Every structure is written in C-alpha cells, then in structure tokens.
Amino acid sequence: MTFVKGFTTGALTSFACFYVYNSRISTARKKYAEDAESIIKQNRVVISSDDPMLEDVNKLENQRKILKYGIPDKGPEYNVYENHVLNYDQARKIPSWVAEHITQDKLKGEANRKHSHFKPDPNLNSKFNAGNDDYLKSGWSRGHMTPAGNHKYKQTAMNDSFYLSNVVPQNYENNAGFWNRFELYCRDLTKKFKDVRVITGPVFLPDLEESEDKIFIKYQLIGKRQVAVPTHLYKVVIAESNNNNNNLIALGAFIVPNKPIGYDKQLTDFMVPLEILEEKTGLTMLPKLDQSMTKNLCSVDSCQLMSRDKFELYFIARRLQTAKNLDQLNKIYNEIAEKKLKPDDYLIKLFKEKEWQLKEKELMGKKHQKEL
DNA sequence: CGGGCAAACAGC
DNA sequence: GCTGTTTGCCCG
C-alpha cells in the first residue's frame with residue numbers, strides 16, 4: 001500500500017536539515033534518504049509500508065515537528081554527590097530514590113553533623129527546590145534518605161547528605177526510633193558483608209482500610225512549596241561478601257509506614273518482594289542484577305534490629321559524651337536507672353572516664369578563680 | 001544515632 | 001527595624 005501526499009517548502013527544508021545533521025544515518029540509509037530527496041524534489045513524499053527505511057525517515061521528521069519546542073524535561077535522570085547518587089522528583093519536591101554504598105571504612109572518621117546544615121540543594125533547578133521553611137513547624141521532621149552517619153569518613157560527604165534533595169518529611173518518632181534502628185542495622189551489616197548497597201526513598205500508597213469501592217492515594221503537602229509527605233518509606237538492601245571464593249549476594253526490600261513504629265514490630269514485618277516495591281514506586285531498582293543469584297537477606301541474616309534496652313543505652317552513651325559538667329553527666333546517667341536499664345561495661349567505663357575528666361576540669365576552674 | 005527550638009548575634 | 005544565621009540546650 002502506498003500513500004502519496006503533497007508537501008510544503010517547510011517540509012523540504014526540515015527534511016534537508018534532518019538529512020544533513022543526522023550523521024547516524026548509515027550508508028545504506030543514505031541511499032534511501034537520497035531517494036527520498038529526489039522524490040521530494042518532485043514535490044511528493046512517498047510513505048510506503050513495505051519501505052521500512054523511508055518510513056523511519058518520515059517518523060523522525062514527524063517527531064521533529066511534534067517536538068519543535070523541545071522535549072518536556074522532568075530534570076536530570078540522576079545527580080551525583082560525594083558519596084551518594086539520587087533522582088529528584090521535581091513535582092513532589094523530594095527524592096524518588098537515593099543510592100549509596102556503605103563500607104566499614106566509610107563509617108569511621110571525624111565528620112560530625114554539628115558542622116552540617118540542612119539547606120536547599122544548589123544543584124537543582126531552584127524552581128523545584130524545597131526550603132527549610134517548608135519543614136519548619138510543619139509537624140514533620142527532615143528525614144535523611146542516606147543518613148548522615150553513613151558518611152563519617154568525610155565532612156564534605158556528610159554535608160552533601162544535608163541537602164534537602166536527600167530529605168523527605170518524616171514522622172519524628174519514626175525517624176528517631178524504628179527508622180534510626182533500621183539505619184543502624186544497615187551499618188551493622190558491614191561487619192558481615194564487605195559491600196552493602198542501599199537504595200532509599202518515599203512510597204505513596206492508598207489506605208486500603210479507609211477506602212471502600214474506590215481507591216485513593218491521599219497525602220499531605222507542607223509549606224508554601226507544597227512538599228509531599230510520603231505515606232511510606234522504602235529501602236532496598238543488597239549485602240555482598242565473597243568469602244572462600246563463595247560469592248554471596250543477599251537482597252532485601254522493605255516498606256515502612258511513615259508513622260511511629262513500636263518495639264513490638266520486627267523488621268521482617270515490613271519485608272516485601274522486590275517486585276511489589278518496584279510496582280509501587282514505578283522503578284526497576286536493580287536492572288543489572290541477576291536476581292536468581294541472590295538470597296533472601298533475612299534468611300542469611302537475622303534481620304534483627306537493636307533491642308529497646310540496647311538502643312536506649314546507645315544514645316544515652318552518645319549524650320554522655322557531650323556532657324559539659326558533672327551535674328549534667330549525672331543527670332544523664334540517672335536516666336539509666338529511671339528507665340530500669342542495665343548499663344553495660346562500655347557505658348560504665350565511659351561514665352567513669354567522663355566523670356574524671358569533668359572533675360579535673362572543674363577543679364582547674366576553681367583553681368583559676370582563686371588565682372584571680 | 002536521629003532530630004528540634006529559642007536566644008543571641010550579624011547584616012541590611 | 002526586620003530577617004537570616006549561628007549557638008547552646010533540649011528530647012527520643
């Protein structure tokens with residue numbers, strides 16, 4: 001079947017442009033193009049279904065016309081930072097995924113979050129950037145996707161994680177509690193696995209209990225820029241080791257509600273098949289991974305988060321180290337008894353060291369006052 | 001570790 | 001005068 005149609009001078013020039021500039025046209029293709037050109041010179045364009053090359057040429061010409069003013073741009077496919085890579089969702093003003101590689105070396109170092117500050121990401125199109133004021137007094141915390149604690153080895157890497165391109169509105173209690181323990185668990189995996197890779201991001205899911213015959217996804221928007229509050233957060237964890245020439249790749253996918261999660265819940269309660277996570281996010285997470293070569297993370301590892309006692313002792317230990325005087329030190333230490341926790345040897349040692357240090361300091365202070 | 005808030009301060 | 005940034009102190 002052959003169609004013959006008239007054409008305008010515009011079509012001729014656009015075709016000529018296409019012909020001149022598209023260097024990808026092969027020699028064989030060139031012949032078709034030349035044929036096409038000779039037909040064009042006769043004021044006719046022939047599109048033939050049994051002439052695939054010519055049809056191709058016409059398709060491309062048509063595409064050029066349709067997209068005369070450019071292709072709608074949803075922003076970069078991904079942005080690269082010192083120690084993480086992410087894709088930013090310009091409509092929701094949050095990342096759609098954040099990828100990172102965790103090793104033991106990266107978890108050691110002097111980088112400290114007190115030297116970092118949340119701020120808009122200067123690498124983004126400012127038109128779509130979120131601001132601190134969007135989060136302020138919104139009722140939601142600024143939750144890191146790749147956590148600050150995964151970048152201890154380098155201050156600039158940690159600073160990068162404080163760009164709001166790496167942040168989503170997260171429930172306070174979830175962020176400080178369950179999610180925090182989840183992140184600690186990921187770091188802990190580096191003790192068993194040489195390489196740990198994690199992809200983290202938001203998910204928007206319908207509340208099936210609330211819906212009846214029709215299903216809706218409902219989510220809050222905060223601030224003047226209307227930053228989207230995800231209903232859930234996900235993590236894909238890939239842990240690898242090659243001990244005894246035996247290459248083990250462990251894979252786990254998790255979807256956690258963006259709300260307080262108690263100690264009664266286990267990490268495995270939130271495990272989902274990767275396919276489900278991919279379906280819900282619209283992302284093929286690991287296109288280059290042969291999944292038949294992987295094992296379930298929670299079958300080769302306990303997937304056990306830190307217990308309540310251990311966790312509370314853990315951050316009491318952190319706070320002990322920041323105590324500035326004996327009064328404060330004792331106050332923090334007394335919390336252990338108040339919460340009916342049993343201090344471990346490490347914590348007792350830490351307290352004694354700090355106590356000695358502060359006593360010394362206060363003694364020096366008094367001596368100094370007397371001299372004056 | 002994960003966060004916030006308010007006072008003090010600098011700058012226009 | 002107001003506004004944005006730093007500092008110190010607070011919590012789970």
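As the structure is a prediction and not an experimental result, all values here were calculated from the model. So that the names make sense, note that chain A is the first sequence line, chain B the second, and so on, each numbered from 1.
- DNA chain C is contacted by both A:Glu173 and A:His117; A:His117 maps to the nucleotide lying nearer its 5′ end (nearest heavy atom per residue).
- Taking CG of A:Leu107 as the reference point, atom CZ of A:Arg187 lies at 7.0 Å (rounded to 0.5 Å).
- Taking atom NZ of residue A:Lys114 and atom C1' of nucleotide B:dG3, one finds them 17 Å apart after rounding to whole Å.
- Counting only N and O atoms by type, the side chains of A:Asn87 and A:Ser96 include a donor and acceptor under 3.5 Å apart.
- Of the residues in residues 146-169 of chain A, those placing a heavy atom less than 4.0 Å from an atom of DNA chain B are A:Pro147, A:Ala148, A:Gly149, A:Lys152, in numerical order.
- Taking the six-membered ring for Trp and thresholds of 30 and 60 degrees, A:Phe311 and A:Phe315 have ring planes more than 60 degrees apart, a perpendicular arrangement.
- A ring-centre distance under 6.0 Å is found for A:Phe118 and A:His144.
- Side chain to side chain, A:Lys235 and A:Thr200 meet the donor-acceptor criterion of an N or O pair below 3.5 Å.
- Within a heavy-atom distance below 4.0 Å of DNA chain B, no residue of residues 333-343 of chain A is found.
- For A:Ile71, the CD1 atom counts as loosely surrounded, since its 6.0 Å shell holds 12 or fewer non-hydrogen atoms of other residues, nucleotides or ligands.
- Proximity of A:Arg113 to the phosphate of B:dG3: a side-chain N or O atom is located under 4.0 Å from OP1 or OP2.
- Using cut-offs of 30° and 60° on the angle between ring planes, the pair A:Phe182 and A:Trp179 is perpendicular.
- Phosphate proximity of B:dG4 to A:Arg142: present, with a side-chain N or O under 4.0 Å from OP1 or OP2.
- No donor-acceptor contact under 3.5 angstrom links the side chains of A:Lys154 and A:Asn83, judged on distance only.
- Taken from CD1 in A:Ile249 to CE in A:Met293, the straight-line distance is 6.5 Å, to the nearest 0.5 Å.
- A:Ser116 and A:Asn159 share a donor-acceptor pair across their side chains, judged by distance under 3.5 Å alone.
- Separating the CG atom of A:Asp327 from the P atom of C:dG8 is a distance of 19 Å, rounded to the nearest angstrom.
- Atom pair A:His115:NE2 and C:dT5:C1' shows a separation of 16 Å (rounding to whole Å applied).
- In this structure, CG in A:Asn296 is found 7.0 Å from SG in A:Cys303, a value given to the nearest 0.5 Å.
- For the pair A:Asp188 and A:Lys191, the salt-bridge criterion is met [side-chain N within less than 4.0 Å of a carboxylate O].
- Under the 4.0 Å criterion applied to side-chain N and carboxylate O atoms, A:Glu335 and A:Arg319 are assigned as salt-bridge partners.
- When the local axes at the two ends of the helix from B:dC1-C:dG12 to B:dC12-C:dG1 are compared, using 5 base pairs at each end, they differ in direction by 0° after rounding to 10°.
- One interatomic measurement links the two molecules: CG of A:Asn180 to C1' of C:dC11, which rounds to 13 Å at whole-angstrom precision.
- A ring-centre distance under 6.0 Å is not found for A:Tyr185 and A:Phe254.
- Close to B:dG2, at under 4.0 Å from its OP1 or OP2, lies no side-chain N or O of A:Asn175.
- Considering only side-chain atoms of A:Tyr172, the nucleotide from B:dG2, C:dC10, B:dG4 that sits closest is B:dG4.
- Between the P atom of B:dC1 and the NZ atom of A:Lys108 lies a distance of 16 Å, rounded to the nearest Å.
- In this structure, A:Met145 places its CE atom 12 Å from C1' of B:dG2, rounding to the nearest Å.
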(request) Can you check each nucleotide of nucleotides 7-12 of chain B against protein heavy atoms at under 4.0 Å and return B for base, S for sugar-phosphate only, - for none, in 5' to 3' order? (result) ------
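- Residues from residues 303-326 of chain A lying near DNA chain C, meaning a heavy-atom separation below 4.0 Å, are A:Phe315, A:Arg319, A:Lys324 in numerical order.
- Backbone-only contact: A:Glu183 has heavy atoms under 4.0 Å from sugar-phosphate atoms and none from a base.
- Each of A:Tyr263, A:Phe270, A:Tyr172 was scored for a ring-ring contact (aromatic ring centres under 6.0 Å, His included) with A:Phe178, with one residue passing: A:Phe270.
- Heavy-atom neighbours of A:Lys259 NZ from other residues, nucleotides or ligands within 6.0 Å: at or below the threshold of 12.
- Taking every heavy atom of residues 125-137 of chain A and every atom of DNA chain C, no pair lies under 4.0 Å.
- Dashed line: the shortest gap from a side-chain N or O of A:His144 to OP1 or OP2 of B:dG3 is under 4.0 Å.
- The shortest side-chain heavy-atom distance between A:Gln226 and A:Lys93 does not fall under the 4.5 Å cut-off.
- One atom, CD1 of A:Ile332, and another, P of B:dC1, lie 15 Å apart when rounded to the nearest Å.
- The backbone N or O of A:Ile94 lies less than 3.5 Å from no partner atom in the side chain of A:Asp89, so there is not a single donor-acceptor pair.
- Side chains of A:Gln304 and A:Thr268: a donor-acceptor N/O pair is absent below 3.5 angstrom, by distance only.
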